[in-house]
Amino acid sequence: MSQYTGVAVSPGRVVGTVRTMAPPVAEPPVGEKIPEGADPQAEAARIAEAAASVQQALTHRAEHAPGDGKAVLEATAQMAADPSLTQTAQGFVLAGGASAARAVWEAGDQVASMLEGLGGYMAERAADVKDVRGRIVAELRGEQAPGIPDVEEPFVLTATDLAPADTATLDPALVMALVTSDGGPQSHTAILARQLGLPAIVAAKGVLDIADGTEVFVDAGFGTITDDVTDEHRRFAEAWTELQKNPLTYEGGGIELTDGTRMQLLANIGGAKDAKAAAAAHADGVGLFRTEFLFLDREDEPTVEEQTTAYLEAFASFPGKKVVVRTIDAGADKPLPFLTDTDEPNPALGVRAYRTSWEKRSVLTNQLDAISAAAKQSDAKVWVMAPMISTTEDTEDFVGLCRERDLAPAGIMVETPSAAVTADRQLAACDFASIGTNDLTQYTMAADRMLGTLAHLNNPWQPAVLTLVKATCDGARAAGGDPEAFGESAAKPVGVCGEAAGDPGLAVVLVGLGVNSLSMTPRSLPAVAKVLSTVSLEQAQQLAAAAVAARTADDARDAVRAGLPILGELGL
């Protein structure tokens, strides 16, 4: 028997046959030259022909790709046609006599290094360049490019990690579950799996040792894979299959615990299109409106008028309902040429989000002007919050800017340990808090959330992280609230809008710790609603206490799952 453990990123239990994705294309030998007597011009021409063939293949796949996959594949196809890659490679052939394959490899390295040097969003495109590079090299060699196995029967896909062009074409009807040896909980692979509702585990070291064709049981709630499949495992998998045939639904209006306690279930969105999808999923409102979509990939700041129009379009899907707008979260992995410094040695700990207003005040004040203008023209109940708050002075400053523009309620994101442990003072200075568990985990555990090697630390089940969630809720109670103003309890409202909110087991813990709203991807709403409806507030508090007191993240998760048999019954 062999068992492998990774980081669970999207729940589900399946029994299936392993199919392993082909490994990345092997690097051509360093110094490899064109054959003696060969024509350099002809060798260089092969590069353009291979790139055109790759572009054509990707374009063809894009035509048949579902949803967002089409745009991803089209973008990758355009990269294959980018002359900066092919012309650089041809130069290596003509000037230095490199073989076509070696020239493409070195040109890809050069372009990728340039993008990595730019940091943030542009650095993420470096992986796309290397993917295209590998496909061109495979074409030059006459090899099959890496990709999803072409088989007709459903299977469990194992891989080192997936390139965007591969994740974009995942067919949930064939791929029963996804397990990667690399990657982290915030990788594009993990994010896509959650969007698809596909059971997925990342950072499962050694999983590629499982032979192709082996039957395995994947428990993507626990993050385990085993080749010793038992009758109990098959029952778990049958429950998950039944859930897919008769999926849970959420009708909106909040969820009621068994003792009558009510909980808002909100959605995370990035723009008007997401808002429409969230409304269609019956979300009770929006707990996180990421406004970066207006700013990314631009050389200059969008105007107040542009922003106002975009916000109004998103607000329109939620008349009479709460929409929590997060002001721009630029910096770290989302640099902006007109706002952030790409030369910072450690941007995740640098001038990002609210901190950019210290030097470039107008970007934040312009955004607040736009949010205020949109709020006055909309029937939505607009709340506004600032990310990356560390001190009470930060909070007071931001709230003051909001008060000047008649924006209320005005709150903060709790993403730093300092904000959590001083939550009583923070919430005395603002109206509400929303916990971003992704960043709170990163900063609590001192582990870059983008590094797959640190994925086991970037786990919201870590007792240290849960302790800080509790500290935030305790601080909200100490600060007191105004039920008439916010329709909440005597505590200032505290929500959670990080990925943790969409985990049904963890959602119970968060409620038990004192959180009074949860915001997640719309796909997660039904499962979270179903599980919460089976517990009382007292039961949630007991499970939360066990999780906070646990020795390890695994112990915390195991204790809670043991107390929530509904998770197993649903195959979650």
Side-chain angles (χ1 to χ4, degrees), residues 8-13 194-199 220-221 239-240 242-269 274-288 317-318 320-324 434-435 437 460 469 487-489 493-544 547 557 560-561 563-572:
V9 295
S10 182
R13 290 169 161 176
R194 284 189 286 264
Q195 290 174 345
L196 293 174
L198 184 68
W240 170 257
E242 189 61 31
L243 182 62
Q244 306 320 295
K245 292 178 181 176
N246 301 286
L248 300 172
T249 59
Y250 178 59
E251 299 305 321
I255 191 65
E256 190 171 286
L257 277 59
T258 58
D259 60 0
T261 302
R262 296 197 67 79
M263 185 68 44
Q264 277 190 326
L265 298 186
L266 311 169
N268 297 339
I269 68 169
D274 292 346
K276 289 179 182 178
H282 306 293
D284 300 325
V286 173
L288 172 63
S317 294
F318 288 96
K321 295 184 178 180
K322 178 165 73 173
V323 177
V324 184
S434 184
I435 301 173
T437 50
V469 173
E488 305 285 353
S489 67
V494 176
V496 170
C497 60
E499 293 292 340
D503 179 329
L506 200 45
V508 172
V509 172
L510 296 172
V511 170
L513 292 175
V515 167
N516 45 39
S517 70
L518 300 168
S519 190
M520 62 203 75
T521 177
R523 183 180 282 274
S524 298
L525 290 167
V528 170
K530 176 63 177 179
V531 174
L532 284 176
S533 71
T534 67
V535 299
S536 66
L537 180 58
E538 182 180 0
Q539 288 173 311
Q541 290 169 339
Q542 291 171 350
L543 291 170
R557 181 198 59 199
V560 171
R561 291 184 68 89
L564 290 173
I566 183 67
L567 294 174
E569 293 168 13
L570 295 174
L572 297 170

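By convention here, the first residue in the shown sequence is residue 1. Computation of the quantities below employed the complete heavy-atom set of this structure, encompassing side-chain atoms and omitting hydrogens, waters and symmetry-equivalent molecules.
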With side chains defined as the heavy atoms from C-beta onward, is the minimum distance between [X] and [Y] less than 4.5 Å?
X	Y	answer
Ile435	Leu510	no
Leu572	Leu564	no
Met520	Val528	yes
Leu265	His282	no
Ser434	Val324	no
Leu257	Val511	yes
Asp503	Val509	no

Closest contact, heavy atoms only, [X] versus [Y]:
X	Y	value
Ala283	Phe318	O-CE2, 3.7 Å
Trp240	Pro199	CZ2-CG, 3.7 Å
Ala501	Ala507	O-CB, 3.9 Å
Leu532	Met263	CD1-CG, 4.4 Å
Val560	Gly505	CG1-O, 3.8 Å
Ala500	Pro460	CB-CB, 3.9 Å

Distance in Å, [X] [atom1] paired with [Y] [atom2], rounded so as to fall on 0.5 Å steps:
X	Y	atom1	atom2	result
Leu570	Arg13	CG	CZ	10.0 Å
Leu543	Arg561	CG	CZ	12.5 Å
Thr534	Ile566	OG1	CD1	5.5 Å
Glu569	Leu243	CD	CG	12.0 Å
Leu266	Leu518	CG	CG	8.0 Å
Arg194	Thr521	CZ	OG1	9.0 Å

After noting the C-alpha distance and the side-chain angles of Asp284 and Leu525, does the key distance pass the side-chain contact (heavy atoms from CB on, under 4.5 Å) rule? CA-CA 10 Å; Asp284 300 325; Leu525 290 167; over 6 Å; no
Donor-acceptor pair, distance only, cut-off 3.5 Å: does the side chain of [X] make one with the backbone of [Y]?
X	Y	value
Arg523	Leu196	yes
Ser519	Ala267	yes
Asn268	Cys497	yes
Ser10	Leu198	yes

Show, in sequence, the C-alpha distance, side-chain angles and deciding distance for Thr258 and Val535, and conclude whether the side-chain contact (heavy atoms from CB on, under 4.5 Å) test is met. CA-CA 6 Å; Thr258 58; Val535 299; 5.6 Å; no
Atom CD of Glu256 with >12 non-hydrogen neighbours under 6.0 angstrom: yes
Crowding at NZ, Lys321 (>12 non-hydrogen neighbours, <6.0 Å): yes
